[in-house]
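Following: one structure in structure tokens, then a few remarks.
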Amino acid sequence: MTKKKKGKVVQMLTPENYIRQKARFLPLFECFINSDWEENGMASITVARKHSNGNITMGMYLTDLKCLGVKDAYYFFNISEREYRDILKDMEEQMDIETVSYTLAHNIIFAGIEFADDYGFKPHKDFTSVAQYILEEDNEDVELIEIECGENGKPVYIRGPLENDARANKIIAQLEREAGPGNYDVIWQTEEDFSEDVWDEENEEDEDEVKDEEWDKLENKFKDFPIEEKIDLISDMVKHLTGLAPNEMNELDYLINSTVFSYVDFDLSDNLYNELTDKLNELEITEEFTDEILGIDPDSTIDRNKWEKKFSKLYKQVIVKPKSAKKEVNKLLKSMPGNPALAYLDLLLIQGQNDPLYEEKLVSYHKQFPDYPLIKIFWNTLHWFTNPQTDPLVIFKNSHKTFFTDKEKLHRIELFHYLFFLYATATKFANITLLDVVDMINDEFDFWMEDHFTLREMIKMSKLNFVLSLNEEENSAPLIKTGEEAQTYQFKIQINGITHPPVWRRIAVPSNYSFYDFHRIIQEAFGWWSSHFFQFSKNGFGSGQVITEIYEDVDADFEEQIDAKEIYLSDVFDKEKQKFVYIYDFGDSWEHTITLEKILPEKTITPELLAGKGQCPPEDCGGVWGYENFKEIMVDKKHPEYEEYAEWVGLGNDEEWNPAQFDLEKKQVILREMFRTK
């Protein structure tokens with residue numbers, strides 16, 4: 001019996017891979033361009049290629065010859081000629097188009113890309129990833145045609161009417177940096193430039209046009225102001241915020257944004273924005289409440305329609321009328337105690353009111369409803385932030401896996417809370433680039449108006465706080481005792497009760513530093529988050545006299561308190577081998593023994609981390625006993641609590657908690673940066 005011949009298995013290419021590998025080898029069919037491209041510097045180009053079956057693969061390229069290069073790109077794979085003609089018909093309804101040679105189309109696209117690249121602007125991501133492969137390679141085989149870009153050699157940014165403020169301000173800031181002041185122009189387009197019937201001019205004022213004109217004037221007014229002067233202006237205006245006139249408020253808004261964008265890493269911002277929006281666009285964003293969001297089972301006896309209307313109403317009331325919402329939620333919690341959506345609303349209410357019971361309730365609700373998506377977001381927000389190893393960039397890239405794995409639909413409430421989580425991350429770590437990403441995404445997606453407004457206003461406040469922090473160097477500079485010659489104190493500081501491995505740091509500190517700055521140094525050297533009270537004393541709790549930060553509204557109990565900002569190391573330490581105690585977090589009670597190992601005559605200006613061992617315990621893990629229990633769980637992946645703890649500290653699937661891990665060089669750099677001198 002003869003063996004059957006096995007047929008060759010052909011691996012089918014995805015449309016994207018087909019375009020990347022084969023599209024440019026298909027015969028050119030035809031090319032089109034808008035008739036007024038030379039006049040307005042904006043070219044809408046279509047390049048079509050024909051398959052042997054008569055179908056079309058085409059690329060569409062919106063090319064800004066004035067400044068930005070390829071702003072947008074689309075591609076259609078293997079569509080019928082009828083579909084292709086329908087697309088062209090739609091284009092003709094929007095603009096006058098004409099046929100053009102491929103050579104001219106190619107030169108226009110790549111001239112725009114080259115001009116934009118001179119100022120740091122990259123082609124649209126869909127061009128780079130796919131659409132460029134419909135075009136010929138940009139080499140000597142394509143005849144070169146001179147294409148004029150910019151105006152008189154200068155880039156001209158034409159802001160369209162639908163472009164959001166965050167994006168526009170980024171572009172202007174980049175031109176300011178790359179082209180230099182006065183070496184670029186900005187043109188503000190309005191809806192009126194595109195359609196005369198968009199607005200009823202007799203009845204409505206074109207608010208966008210007015211805003212753009214005002215922004216243009218402010219750009220001219222402040223374009224020669226250095227950053228330091230802008231920051232000083234902002235600080236002065238904030239002091240008299242309630243008395244500012246509307247035009248002064250506009251000035252403040254402009255100054256904040258133009259200052260902030262001087263500190264944004266544009267490449268990182270764009271990459272993260274594209275990455276996150278790509279992932280979100282894979283999901284269907286909906287306003288339809290699923291059973292999961294409503295917290296009910298498919299076979300529940302609850303009147304679904306009635307509960308859906310009630311939940312939607314309460315959600316909006318939490319934002320605009322929290323007191324009345326609180327009464328209603330409390331009633332429903334008694335009648336529907338097992339509903340996670342109600343638990344979420346309760347958390348949302350007490351979170352907004354800064355209720356001290358928030359963390360306690362969150363722990364309780366998370367144990368009861370660990371898989372409810374909105375509670376899950378709250379839980380991870382709290383515990384990622386209290387993990388000293390948290391990397392905000394990793395959170396931005398990977399948190400969607402925690403929140404949205406296996407989801408096909410995402411309710412607008414879930415999307416809002418996800419963005420709010422990203423906002424909180426950017427704010428917690430004072431990362432203005434990450435905040436810029438959230439700002440752009442907030443403009444990209446539709447929310448309920450209350451949510452959009454809430455997030456927008458909080459982003460504005462965070463930007464302001466960032467700018468004000470730039471003008472507070474005197475607050476971050478060390479408090480130094482004047483009038484004495486500084487020596488160098490070499491300390492060894494060790495957390496009591498932790499072994500296998502022990503956790504300690506060796507630090508050199510100028511003797512004229514205050515105890516408040518000594519506290520800051522210890523926090524950073526170990527990896528604490530400075531989110532709890534602290535004290536220095538001779539013998540720990542019960543010493544009678546303690547050195548701490550003074551709060552007017554906090555009782556001193558029976559201890560005499562000395563302000564840590566007004567007492568200096570040399571006031572207490574005067575001999576080698578002398579010991580002192582530092583306690584952080586009076587709940588977990590992390591007690592550190594401080595030993596003055598050496599007094600060196602050499603004068604130092606800034607502290608230096610010399611050595612160390614052991615990873616800092618996670619905050620709020622329950623003190624020494626809790627940490628030992630935590631370590632036992634983390635070495636046993638089969639332990640029933642392992643996954644919960646791993647998620648709490650933000651470990652990835654292939655990561656492990658290593659109690660011996662300590663990055664000396666990284667901590668040294670951070671400490672030097674904290675106390676750098678001018």
Side-chain angles (χ1 to χ4, degrees), residues 382-391 489-509 515 518-543 546-548 577-597 607-637 639 641-642 644-651 655-668 670-671:
L382 173 65
H383 290 286
W384 272 335
F385 286 1
T386 55
N387 172 20
Q389 305 303 317
T390 296
D391 183 337
Y489 286 167
Q490 180 178 305
F491 294 104
K492 181 179 180 181
I493 307 169
Q494 182 163 340
I495 302 179
N496 297 345
I498 296 181
T499 56
H500 310 298
V503 181
W504 59 267
R505 307 289 186 260
R506 179 168 285 116
I507 310 170
V509 186
F515 269 84
F518 195 27
H519 153 71
R520 293 172 62 206
I521 293 166
I522 293 171
Q523 287 285 307
E524 189 56 53
F526 277 88
W528 296 119
W529 279 94
S530 198
S531 55
H532 299 281
F533 292 120
F534 72 91
Q535 70 170 45
F536 295 91
S537 55
K538 188 173 182 180
N539 300 308
F541 286 125
S543 294
V546 299
I547 300 169
T548 187
K577 309 304 179 185
Q578 186 177 350
K579 295 183 182 294
F580 222 61
V581 176
Y582 171 76
I583 300 175
Y584 172 64
D585 184 353
F586 300 162
D588 281 2
S589 189
W590 297 107
E591 189 173 280
H592 307 61
T593 295
I594 302 170
T595 303
L596 177 57
E597 292 183 319
E608 182 73 17
L609 180 59
L610 304 174
K613 187 174 183 179
Q615 182 163 191
C616 185
E619 296 243 6
D620 303 315
C621 69
V624 172
W625 178 88
Y627 182 48
E628 292 301 323
N629 182 59
F630 169 82
K631 287 194 293 185
E632 288 180 13
I633 292 172
M634 296 311 291
V635 296
D636 180 10
K637 291 190 176 182
H639 193 284
E641 294 181 272
Y642 175 83
E644 180 181 350
Y645 276 88
E647 182 180 340
W648 177 43
V649 295
L651 292 182
E655 294 179 319
E656 296 181 352
W657 176 273
N658 180 4
Q661 179 179 336
F662 175 60
D663 191 335
L664 175 63
E665 291 184 0
K666 180 179 178 180
K667 285 294 182 184
Q668 286 175 327
I670 294 173
L671 202 60

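By the 4.5 Å heavy-atom criterion applied to side chains, Lys667 and Phe526 are not counted as neighbours. Using a 4.5 Å heavy-atom cutoff, the side chains of Ile594 and Tyr489 are not in contact. Side-chain atoms of Glu608 and Gln668, non-hydrogen and from C-beta on, do get closer than 4.5 Å to each other. A 4.5 Å side-chain heavy-atom check between Ile507 and Leu610 finds every atom pair outside the cut-off. A heavy-atom distance below 4.5 Å is not found between the side chains of Asp636 and Tyr642. Here the side chains of Pro618 and Trp657 are in contact, with some heavy-atom distance below 4.5 Å. Side-chain contact between His519 and Thr548 is absent, with no heavy atoms from C-beta onward closer than 4.5 Å. Thr593 has its side chain out of reach of Ile493: every pair of non-hydrogen atoms, C-beta onward, lies at least 4.5 Å apart.
Applying the salt bridge (Lys or Arg N to Asp or Glu O under 4.0 Å) test to pairs two or more places apart or on separate chains, none has a residue in residues 578-593. Contacts classified as salt bridge (Lys or Arg N to Asp or Glu O under 4.0 Å) and involving residues 499-509 (residues at least two apart or in different chains) are given here: Arg506-Glu597.
With hydrogens and angles ignored, the 3.5 Å screen pairs a side-chain donor or acceptor of Ser543 with a backbone N or O of Gly540.
Atoms CZ and CD, from Phe518 and Gln523 in turn, are 12.0 Å apart once rounded to the nearest 0.5 Å. Atom CH2 of Trp504 sits about 15.0 Å away from atom CG of Asn496, to the nearest 0.5 Å. Phe541 contributes atom CZ, which lies 4.0 Å from atom CD1 of Ile583 (distance to the nearest 0.5 angstrom). With rounding to the nearest 0.5 Å, the separation of CD in Glu619 from CH2 in Trp529 is 8.5 Å. Here the CZ-CD1 distance, from Phe515 to Ile522, works out to 9.0 Å after rounding to the nearest 0.5 Å.
Between Gln535 and the choices Ile547, Val546, Val581, the side-chain contact (heavy atoms from CB on, under 4.5 Å) rule is met once, by Val546.
Using cut-offs of 30° and 60° on the angle between ring planes, the pair Tyr582 and Tyr584 is parallel. The aromatic rings of Trp528 and Trp590 sit tilted, their planes meeting at an angle between 30° and 60°.
Of all heavy-atom pairs spanning Val624 and Gly497, the tightest one is CG1-O, 3.3 Å. In this structure, Gly614 and Val503 approach most closely via the heavy-atom pair O-CG1, 3.9 Å.
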What pairs of donor and acceptor atoms, side-chain ones from residues 627-635 against any protein atom, are under 3.5 angstrom apart with sequence neighbours left out?
| residue | atom | partner | partner atom | Å |
| --- | --- | --- | --- | --- |
| Glu628 | OE2 | Lys631 | NZ | 3.3 |
| Lys631 | NZ | Thr499 | O | 3.1 |

